[in-house]
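These notes concern the structure reproduced below.
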Amino acid sequence: MPSFGFIEGGYTARGLVAACQSWMNLFIEKIGVPHGANDDTKGQAVGAARFWAMNTPGKELLVALPDVPNSCLVNSNSSYYDVGVNLWFALSGTTLYAIQATFAAGAWTGTYTAIATGIPNQTIDGTGGQLFPGTIIVLNPTLLFVVSVGNAYVVGYGQAPSGSAIGDAGVLYAVGDTGTVPINGIPATYVITGVDPTTGAVTGYTLTGGTGYSVANYSTTTAGAQPGSGAGFTINVTGLAAADWLSQQQNIPFGSTNYINSATWQDGYVIVSVTPNDPDPLRRQFFISGLYGPTQWDPLDFDTKEGHPDPVVAVFSSNEVLGIFGSQTSEIWYDAGNVLSAFARLPGGGVIEFGLAQPCAISKIAGTVAWLDSNARGQYICRMMIGSTPTRISNFAIENRWSQFNTAGMSMFSYVEGGHEFLCIHFPIPDETWVYDHTVGPELGWHQRAYWDGSAFHADLGRYHAFFPEIGHAVADYRNGNIYLQSLEFLQDNCSNIRRIRVAPHITLEKRRNVYDRVKLHALTGRVPATGPGSDPVCMLSVSHDGGLTYGSPLTVRMGAIGETTAIIEWFHLGYGRDTVFKWECDEPIDICLVDMYCDFRPGFN
């Protein structure tokens, strides 16, 4: 009984006659060792390396955040796990949460702490989630830089001064002068309430806010834009309040808000790009914070994308390289260590003739970076930087599908599981998730992931991802405040069955009317639960004899109960057609292992 290419890549062509091959909630893996001599049906050497298909990961609920919906999830950068240690940070609704977890009775249970509130967030627009995902940069486990809907915040944890006294009184101050007490955190703010009328020395002040202080003597910033021009004022912190979280909105640039569209971190600096504004209507500037100072933003600390006049879409740091991604071209910058301007463009050019489609359409993967490109000649090709060369990793099929999308708000993340390097691409408006497996490659490595609500497919629930070594992968649901653990060991999506589909290649022989007597599936059987869901699993086969345009009613067969490891999965009397396509489906909570499918058919004469 011959094989017909059941375990091959997916292809979505403009013409249905060349399409109909797809993987939904299944991905393929190369079998690197001989697996038998009876499958030499494609002209391969006996025992040659082949592929098999397996189920994509499922999800189990870790914690449900009360404010909704999720728009970002990141690792806390904590150096160890313990009960009560913050493992992840999540932005959900208008609240920033720290998430902890405990293990008991064979399962993880999450808890949360609201650490900042009142952060603007976008409600869901359509079924696929936010068009403006948030950004959380973890400078350290107690200091965060947060961007949401163009607004930037620094959120810090630590002790604020509760008691203080004048150290050095300074000179030339005036009542009303204000400034900050610098700290590697959120600085406390002082206001001068009294001065010596002769010298301008400080005689009184108020001090509010701040995180990260200890009992010590601190210098203050010079009061430059206030009534006086004082200098030399210091404060002795003599008492500390209980440690707590504090948030502070940042005005970048030039005292403005609502302008930030991307942010990244490199070598102690926060770097942001902005939307069009009065000082920079062409949107070619990017701004740089003070060194280890996410609250320090000098209006003159900026650089300009200069190799090409297209606007900056996003800034992104990877491998000690700062990428300035425009709408048509991108530039490579590096930390030059200059006093006046920390970063400089790579000597000799540093320009890439490919831009970025959307601010979040970029991710690190496999030690490099991948992104969805846009340039003056077209758009929507997924590229990966291999060495210094942008290399195409999407294929004609995927690019054809994407060409029909509105990509507004799309986002990417990557993760590693079972040796596979996955790049997950979420499209909110068409409500789809596409995944690239770098370990398999562009030709065979693409599949879709989707959530089945009982009547329709939607984008995969996990739009935002973070990892913690002792626990595993966590993903955030774009529809609500749910945070899930995700694993290949989980066989459902939060207690809902996952519908897995393989649409096989066309079978045609000179467009003759072939008669299909039998189809047999080579798959794992007998490894199922003893009782409950999945204990007596079934799968379905639908047949199209018009090239995939329409399908007949699904034909259901058993896949074998526990111990039935030699069960035969096959269908009989499947009709006749000139261009036949088989669609296999299963939504049972069991391990799926598909090796091949075989077909007995009799060629027709016309």
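Throughout, numbering of the chain's residues begins at 1 and tracks the sequence. Only this structure's heavy atoms are used, side chains among them; waters, hydrogens and symmetry mates stay out.
Considering all non-hydrogen atoms of both residues, Val138 and Asn77 come closest at O-ND2, 3.2 Å. The nearest pair of heavy atoms linking Phe343 to Gln266 is CE2-NE2, 3.7 Å. Leu143 and Gly156 make their closest contact through CD1-CA, 4.1 Å (heavy atoms, listed as atom of the first residue, atom of the second, distance).
For the 3.5 Å distance criterion, the side chains of Asn151 and Gln249 qualify, holding a donor opposite an acceptor. Inspection of the Thr94 and Asp67 side chains reveals an N or O donor paired with an N or O acceptor under 3.5 Å. For Ser76 and Asn86, the side-chain atoms include no donor-acceptor pair closer than 3.5 Å. Remark: the Ser273 side chain and the Asn261 side chain contain an N/O donor-acceptor pair separated by less than 3.5 Å. For Asp303 and Gln285, the side-chain atoms include no donor-acceptor pair closer than 3.5 Å.
Contact of the Pro294 side chain with the Leu139 side chain is registered, since non-hydrogen atoms from C-beta on lie closer than 4.5 Å. Between Phe405 and Trp434 the shortest side-chain heavy-atom distance falls below 4.5 Å. Counting only heavy atoms from C-beta outward, the side chains of Leu282 and Lys305 never approach each other to under 4.5 Å.
Taking the ring axis of Phe422 as reference, the NZ or CZ atom of Arg449 stays within 45° of it and closer than 6.0 Å to the ring centre.
Annotation: Glu306, atom CD; neighbour count of heavy atoms from other residues, nucleotides and ligands within 6.0 Å is above 12.
A donor-acceptor pair is defined here as one N or O able to donate and one able to accept, closer than 3.5 Å; such a pair exists between the side chain of Asn395 and the backbone of Pro442. At distances below 3.5 Å, not a single donor-acceptor pair connects side-chain atoms of Thr211 with backbone N or O atoms of Gly185. Between the side chain of Asp477 and the main chain of Asn482, no donor-acceptor pair closer than 3.5 Å is present. At distances below 3.5 Å, not a single donor-acceptor pair connects side-chain atoms of Tyr436 with backbone N or O atoms of Cys382. A distance-only check finds a donor-acceptor pair linking the side chain of Gln250 to the backbone of Gln248 [under 3.5 Å].
Ring pair Tyr81/Trp108 is perpendicular by interplanar angle, where above 60° counts as perpendicular and below 30° as parallel. The aromatic rings of Tyr213 and Tyr218 sit perpendicular to each other, their planes meeting at more than 60°, with 30° as the lower class boundary. The aromatic rings of His473 and Phe467 sit tilted, their planes meeting at an angle between 30° and 60°. Aromatic ring pairs are classed by plane angle as parallel below 30°, tilted from 30° to 60° and perpendicular above 60°; the pair Trp245 and Phe89 is perpendicular.
Salt-bridge check for Asp437 with Lys30: failed, with every basic side-chain N at 4.0 Å or more from each acidic carboxylate O.
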